[in-house]
Number of protein chains: 2
Amino acid sequence: MNIGDVSTRLGLPAKTIRYYEDIGLIKPLRSANGYRSFVAADVHRLAFLGRARALGFSIEDCRTLMALYRDESRASADVKDLAKEHLGKIEAKIRDLQMMHATLSELVESCAGDNRPDCPILSDLSGLSAAIG
Amino acid sequence: MNIGDVSTRLGLPAKTIRYYEDIGLIKPLRSANGYRSFVAADVHRLAFLGRARALGFSIEDCRTLMALYRDESRASADVKDLAKEHLGKIEAKIRDLQMMHATLSELVESCAGDNRPDCPILSDLSGLSAAIG
DNA sequence: CCTTGACCTTCCTGCGACTGGAACCCTCAT
DNA sequence: ATGAGGGTTCCAGTCGCAGGAAGGTCAAGG
């Protein structure tokens, strides 16, 4: 399989696949013409990467996860720990975003949104937080 | 005021303040020795920036917000629209993260996390999603 | 046989919003 | 004179790719 086929199959951009090779996550063989030649194992690794990335794991986490996957003597605790740490980061991000959301939606609600210049959003940002009550 | 004082006051790294000058968000004067010399208006602008960034607005959004703030003939609708669009992006990110969180926490819960190699997290990533049921 | 168009290749640059570090200047106290 | 603790500029790196240039390859059609 050429890169385009893999890209279509997995929904991963060819650029991304080449990048993954660059950083050593996959090592597809080459055809005589120099094209990358993907076998089932490569496609499988890429699919693994795609799913791990979709769960928000960093590239380095993915590298670790793939190493664990290939290590038949792994302890599932190692995988779980990695996942739990990632889960913690996700939770932290969600909290941050929810804080922003809470503040910002209050401000948005309190803004008339008409032709007049008075705006509690700008008031708040400027430090004259006499807007919310 | 020198950059260090402003940095301490606002809790913004000096590097960040220099960066904001680089990209034209502030234009502090210079002392005879070449040091940046911040007056109250500069500090105010930086504080504005800090708050807008803390709400997750992009630098370009901040630029627009500051322009609106200085434009006394602005329409609050313009500010509100910008904020609402940003709110939408925040909501999208929260949803994405919550999806990740849901999937990942299920996987984490179903993983024994002991010395054995069997791991539903890896099974799921590998595509053999025979783990969750 | 030649061309066209769709593939593929490598290499370089840019994104956003900084951060780290090198190499150097200024100021003040000792 | 020296040392500590400011400040300055500029360049490189972060993360995970995306965009684009310049060129090689291949199958089909005229």
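Below, read A as the first sequence line, B as the second, and so on, with proteins coming before strands; counting in each chain starts at 1.
- Between A:Arg18 and A:Glu21 there is no salt bridge, since no side-chain nitrogen of the basic residue lies less than 4.0 Å from a carboxylate oxygen of the acidic one.
- The pair B:Arg116-B:Asp118 does not count as a salt bridge, with every side-chain nitrogen at least 4.0 angstrom from each carboxylate oxygen.
- The base of D:dG16 does not come close enough to the side chain of A:Lys15 for any donor and acceptor atom to sit less than 3.5 Å apart.
- A heavy atom closer than 4.0 Å to some atom of DNA chain D occurs in B:Arg18, B:Arg30, B:Gly34, B:Tyr35, B:Arg36, these being the qualifying members of residues 18-52 of chain B.
- For B:His44 against B:Tyr69, the heavy-atom pair with the smallest separation is CE1-OH, 3.3 Å.
- Comparing B:Ile3 and A:Arg53 against DNA chain D, the residue whose closest nucleotide sits nearer the 5' end is B:Ile3.
- At whole-Å resolution of the value, CG in B:Asp5 and C1' in D:dG7 are 11 Å apart.
- Residue B:Thr16 places at least one side-chain N or O under 4.0 Å from the OP1 or OP2 atom of C:dT19.
- Near-neighbour residues of DNA chain D inside residues 55-69 of chain A, defined by a heavy atom below 4.0 Å, number-ordered: A:Ser58, A:Ile59.
- Residues B:Lys80 and A:Ile121 come closest through the heavy atom pair CA-CD1, 4.0 Å.
- When all heavy atoms of A:Cys119 and B:Ser76 are compared, the pair lying nearest together is CB-CB, 3.9 Å.
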Exercise for review: List the steps, then state whether side-chain hydrogen bond (donor to acceptor under 3.5 Å, both in side chains) holds for A:Ser37 with A:Asn2.
Suggested key: CA-CA 5 Å; A:Ser37 181; A:Asn2 285 347; 5.9 Å; no

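- Residue A:Leu55 comes nearest to A:His86 through the heavy atom pair O-NE2, 2.8 Å, listed as atom of the first residue, atom of the second, then distance.
- Contact record, B:Ile3 with B:Phe38: CA-CE1, 3.6 Å, taken as the closest heavy-atom pair.
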